[in-house]
Colleague: 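Let me give you the structure first, and then I'll get to my questions.
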Amino acid sequence: MLGVELLDRWIEHVIALCNPANVEVFTATPEQLLTLKSRMVEHGDIEPLSGNERWLHRSDSTDVARMEHRTFICSKLESDAGPTNHWLDPQLAAKTLDGLFTDSYSGRTMYVIPYAMAPLGGVFTQYGIEITDSPYVALSMAMMTRVGNEVIDGLNDTNVSDVVRGIHCTGDLDPENRWVCHFPESREIWSFGSNYGGNALLGKKCHALRLASVIARDNGWLAEHMLIIELTTPSGEKQHIAAAFPSACGKTNLAMLESSLDGWKIRVLGDDIAWLRPGPDGLYAVNPEFGFFGVAPGTSAKTNPVALSMTQKNTVFTNVAVTSDGNPWWEGLDPLAVGTPILDWQGNSRTFGDGGGPLAHPNSRFTSPLTNCATLSDSWDNPSGVRIDAILFGGRRPTTIPLVMEAHDWTQGVLYGASMASQTTAAATGAVGVLRRDPMAMLPFCGYNICDYFGHWLAMADILPSLPKVFSVNWFRQDEQGKYIWPGFGTNIHAIKWISERISGAVDVASTPVGNLPLRSDLAFDDIEVTEEAIQLLTSIDASAWAHELNAITEFFRSLGDNVPEKLCDRVNAIKIDLG
Ligand code: GTP
Ligand code: SPV
Ligand code: MN
């Protein structure tokens, strides 16, 4: 089928197990895409929206987000999955999955999708094959990963044991019978019962984060839930920044930021996943993905004009509302006149302002290829990647965490990541707005023991020829009424500017035990609406709030068992003492 004996044998095995009516090797040729889309329209999987190649897909109403409690790491040893993952014995899991997948494609077309993650032709490139019975998954994989004949050539030249093999089945979409299983030792992914993004597009979170994090641990690199941007300063200097924020906490928005400050320019390399490797003079990063799977609500001409214009062509919208003239709509876009008819995300007839709850699902998404983005960096497809000057960690923190601060050293930087917390969002099922620890924004995505992962981060200090600076940022500080006190979005360039000036050594700092803070004189907020009182809150640390925070971090580390690196626990204690 693909001309690689062992892979062909695996594909034959899947055919025998799942018993499809047809098998198609899907390389997303123009003819294949045309046929796929017309088939999907016929079956009601997608419908055309107004504009150029814009499509609407409506999910099953129970299949709209990642399901962390149905996501499993099936390593031989439970201790390799660690205290934060759901573990399943690989043999028991295989038995269950074999049962679920038996005849599961009957009457359906099986798509075999060879894909590559990362630009082709470099040390970062990895190959995978996803087998699926979902046309929506096939269409999405063609936008989110590299597919085509070049990929099949690369796959042929790759060691078979390095190829990630994923098998996905739509099943009955019963949330209680949903399985997203990862087998790090055999590089396999088995996903049953969901067609939603992170559960079903197996190149993304399953391959590029959960399995890749294990591969990275074994080979001295990092697979992270990070955006990558290229920053140009007014003097023309280029710097590169990677930033980890949890799901639906602002990666896409920062990646596409349009600066409100003259002379500062941001270009996108990636908005969700970064692979980072030691290079000749530091840490080099690529975006393994080929597209954006962005959160729709909140995306507007004011907050993210770049994303909005990107979605004007060649985009699949999932679970958005639709106006009577066939345009996608979601909360955050300009409201229509009260009483205007509109279809909600489930296709129900509603009217604007009827008080019936959100019209688009809070986790509705758009899928567009990277090349749709007007602010894509020229380096986006460079197989060597870009050298990272700074790493940012941030979450939704209503209190305590300042707008921006710099770690004194790598250990404190790793501590910033390891102790990150954020209010939960609609990107995963469950309660929204609950503060939880989400180390490096990888809580749902680290494919191995989180304590070993912290150790691996610390050890990068010994592997790397030079270390990026590490910063903590927080765009989500709130007042007592729950209102954001920082305008966010384009104005975040002010924090990025300070970070840039710290990289180049242009500005001094106010040193505190929890990190270096900007000097008030280095912050010119003249162009934005923010009170002096808010600036004070955003750029200072409250000793009693921090005492509470540090105790919460200690408690979190304790909850992970005895294997959190001592270096991190010791540093927390040292900061407590320094704070007094
Ligand atoms: P995933 O794709 O789930 O990993 O999310 P992401 O981190 O890329 O999040 P994204 O940028 O899509 O933002 C999610 C939500 O946060 C959107 O509704 C944004 O409008 C909102 N948001 C992003 N940046 C800011 C900000 O600076 N301030 C405020 N208040 N909201 C923001
Ligand atoms: C996230 O939840 O962090 C996402 C969306 O980026 S998904 O691909 O579904 O994981
Ligand atoms: Mn994400």
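Computed over heavy atoms, backbone and side chain alike; hydrogens, waters and symmetry mates excluded. Both counts, for ligands and for their atoms, begin at 1 and track the order of listing.
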Colleague: Taking 4.0 angstrom as the limit and counting only heavy atoms of Gly298, give me the atoms of ligand 1 inside it, by number and element.
Modeller: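 Answer, ordered by atom number: 18 (O), 20 (O).
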Colleague: Looking at ligand 1, would Trp486 count as a contact under a 4.0 Å heavy-atom criterion?
Modeller: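 No; Trp486 lies far enough from ligand 1 that no heavy-atom distance drops under 4.0 Å.
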Colleague: Who's closest to atom 19 (C) of ligand 1 heavy-atom-wise, of Thr299, Asn304, Asn253?
Modeller: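 Among Thr299, Asn304, Asn253, the closest heavy atom to atom 19 (C) of ligand 1 belongs to Asn253.
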Colleague: Could you check which of Arg365, Lys204, Lys251 puts a non-hydrogen atom nearest to atom 8 (O) of ligand 2?
Modeller: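 It is Lys204 that holds the nearest heavy atom.
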Colleague: Got a salt bridge between Lys313 and Glu53, using NZ or NE/NH1/NH2 to carboxylate O under 4.0 Å?
Modeller: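 No.
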Colleague: Which protein N, O or S atoms lie under 2.8 Å from the Mn ion (ligand 3)?
Modeller: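 Listed by chain and number: Lys205 NZ, His225 NE2, Asp272 OD1.
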Colleague: For the 3.5 Å polar cut-off, considering only N or O atoms, please tell me whether Gly488 and ligand 1 meet it.
Modeller: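 The answer is no, given that Gly488 and ligand 1 share no N or O pair closer than 3.5 Å.
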Colleague: Against ligand 1, does Lys204 come closer than 4.0 Å with any heavy atom?
Modeller: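 No, Lys204 has no heavy atoms under 4.0 Å from ligand 1.
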Colleague: Cationic tip of Arg217 within the cone over Tyr448's six-membered ring, i.e. under 6.0 Å and within 45° of the normal?
Modeller: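 Flagged: Arg217 positioned over aromatic ring of Tyr448.
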Colleague: Within 45 degrees of the ring normal and closer than 6.0 Å to the centroid, is that where the cationic atom of Arg210 sits relative to Phe445?
Modeller: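 So Arg210 doesn't make the cation-pi contact.
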Colleague: Below 4.5 Å, heavy atoms only, C-beta onward: do Pro328 and Phe317 meet side chain to side chain?
Modeller: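 Heavy-atom side-chain distance check passes, below 4.5 Å.
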Colleague: Which atoms of ligand 1 have any heavy atom of Thr252 under 4.0 Å away?
Modeller: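 What qualifies from ligand 1 is 6 (P), 8 (O), 11 (O), 12 (O).
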Colleague: Of the choices Phe489, Phe366, Phe245, Phe292, which has the non-hydrogen atom that lies closest to atom 32 (C) of ligand 1?
Modeller: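 It is Phe489 whose heavy atom sits nearest to atom 32 (C) of ligand 1.
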Colleague: Hey, which atoms in ligand 2 end up nearer than 4.0 Å to a heavy atom of Phe445?
Modeller: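 Answer for ligand 2: 3 (O).
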Colleague: Within a distance under 4.0 Å of any heavy atom of Pro246, pick out the atoms of ligand 1 and give their elements.
Modeller: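 Taking each heavy atom of Pro246 in turn, ligand 1 has 7 (O) under 4.0 Å.
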Colleague: Are any of the N/O atoms on Gly198, whether in the backbone or the side chain, positioned under 3.5 angstrom from an N/O atom of ligand 2?
Modeller: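 N/O-N/O distance below 3.5 Å exists for this pair.
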Colleague: Could you list which atoms of ligand 2 come closer than 4.0 Å to a heavy atom of His225?
Modeller: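 Listed by number with element, the hits are 3 (O).
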Colleague: Between Arg520 and Pro518, is there a side-chain heavy-atom distance shorter than 4.5 Å?
Modeller: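 A side-chain contact is absent here, since even the closest heavy-atom pair is not under 4.5 Å.
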Colleague: Salt bridge or not between Glu533 and Arg477? Use side-chain N to carboxylate O under 4.0 Å.
Modeller: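 No, Glu533 and Arg477 are not salt-bridged.
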Colleague: Check whether Thr323 reaches the backbone of Asn327 with its side chain - one donor and one acceptor, N or O, closer than 3.5 Å.
Modeller: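 Indeed, once roles are kept as given, a pair shorter than 3.5 Å links the two residues.
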Colleague: If I apply the N/O under 3.5 Å rule, does Pro297 come out as touching ligand 1?
Modeller: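 Yes.
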Colleague: Say whether Ser300 and ligand 1 are in contact under the criterion: heavy-atom distance to a ligand atom below 4.0 Å.
Modeller: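 No, that is not the case, since the closest heavy atom of the residue is not under 4.0 Å from the ligand.
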Colleague: Is it true that Phe489 and Trp475 have ring centroids separated by less than 6.0 Å?
Modeller: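 No, too far apart.
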Colleague: Is the distance from the ring center of Phe72 to that of Trp179 below 6.0 Å?
Modeller: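 Judged by ring-centre distance (under 6.0 Å), Phe72 and Trp179 do meet the cut-off.
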Colleague: Just jot down the ligand 1 atoms closer than 4.0 angstrom to any heavy atom of Arg396, in number order.
Modeller: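 Here the atoms of ligand 1 in question are 15 (C), 16 (O), 21 (C).
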Colleague: Can you confirm, on distance only, whether ligand 1 has an N/O atom lying under 3.5 Å from any N/O atom belonging to Ala427?
Modeller: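 Between Ala427 and ligand 1, no N or O pair is found under 3.5 Å apart.
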Colleague: So, for Phe471 and Phe393, is the gap between ring centers shorter than 6.0 Å?
Modeller: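 No.
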Colleague: Counting each atom of ligand 2 from 1 as listed, which ones have a heavy atom of Ala427 under 4.0 Å away?
Modeller: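 Answer, ordered by atom number: 2 (O).
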Colleague: Considering heavy atoms of the protein only, find what lies nearest to atom 3 (O) of ligand 2 and give residue, atom and distance to 0.1 Å.
Modeller: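 Answer, as residue, atom name and distance: Ser247 OG, 2.5 Å.
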Colleague: I need the nearest protein heavy-atom contact for atom 2 (O) of ligand 2: residue, atom name and distance, please.
Modeller: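 Closest protein heavy atom to atom 2 (O) of ligand 2: Arg66 NE, 2.9 Å.
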Colleague: With a 4.0 Å cut-off, would you call Lys204 and Asp272 a salt bridge?
Modeller: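 Yes, this pair counts.
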Colleague: Which protein non-hydrogen atom lies closest to atom 6 (O) of ligand 2, naming both residue and atom, and how far is it?
Modeller: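 For this ligand atom, the closest protein heavy atom is Lys205 NZ, 2.8 Å.
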Colleague: Would you find a donor on one side and an acceptor on the other, under 3.5 Å apart, between the side chain of Ser259 and the backbone of Leu261?
Modeller: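 Judged by distance alone, yes, a pair lies under 3.5 Å.
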Colleague: Could you tell me whether Trp475 and ligand 1 have an N or O pair separated by under 3.5 Å?
Modeller: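 No, since none of the N or O atoms of Trp475 sits under 3.5 Å from an N or O of ligand 1.
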Colleague: With heavy-atom distances below 4.0 Å as the criterion, list the atoms of ligand 2 near Asp272.
Modeller: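 Under 4.0 Å from Asp272, ligand 2 has these atoms: 6 (O).
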Colleague: Which is closest to atom 6 (P) of ligand 1 in terms of heavy atoms, Lys302, Lys251, Met226?
Modeller: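 Nearest option to atom 6 (P) of ligand 1, by heavy atoms: Lys251.
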Colleague: Does this structure show an ion pair linking Asp45 with Arg58, if we count only N-O contacts that are shorter than 4.0 Å?
Modeller: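 Answer for the salt bridge query: no.
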Colleague: Considering only heavy atoms of Tyr484, which atoms of ligand 1 have at least one such atom less than 4.0 Å away?
Modeller: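 Those atoms are 30 (N).
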Colleague: Using non-hydrogen atoms of the residue, decide whether Gly294 is closer than 4.0 angstrom to ligand 1.
Modeller: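 No, Gly294 has no heavy atoms under 4.0 Å from ligand 1.
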Colleague: Please confirm whether the ring centroid of Phe192 lies under 6.0 Å from the ring centroid of His168.
Modeller: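 Distance test on ring centres: not under 6.0 Å, no.
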Colleague: Got an N/O contact under 3.5 Å between Cys249 and ligand 1?
Modeller: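 Such a contact does occur with ligand 1.
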Colleague: Taking only heavy atoms of Val295, which atoms of ligand 1 are found under 4.0 Å from at least one of them?
Modeller: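 Those of ligand 1 that fall under 4.0 Å from Val295 are 12 (O).
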Colleague: Can you see whether Trp221 has Arg277 sitting over its ring - NZ or CZ less than 6.0 Å from the centre and within 45° of the normal?
Modeller: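 Output yes; distance and angle both within limits.
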Colleague: Could you establish whether Asn492 and ligand 1 come within less than 4.0 Å of each other, counting only heavy atoms on the residue side?
Modeller: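 Yes.
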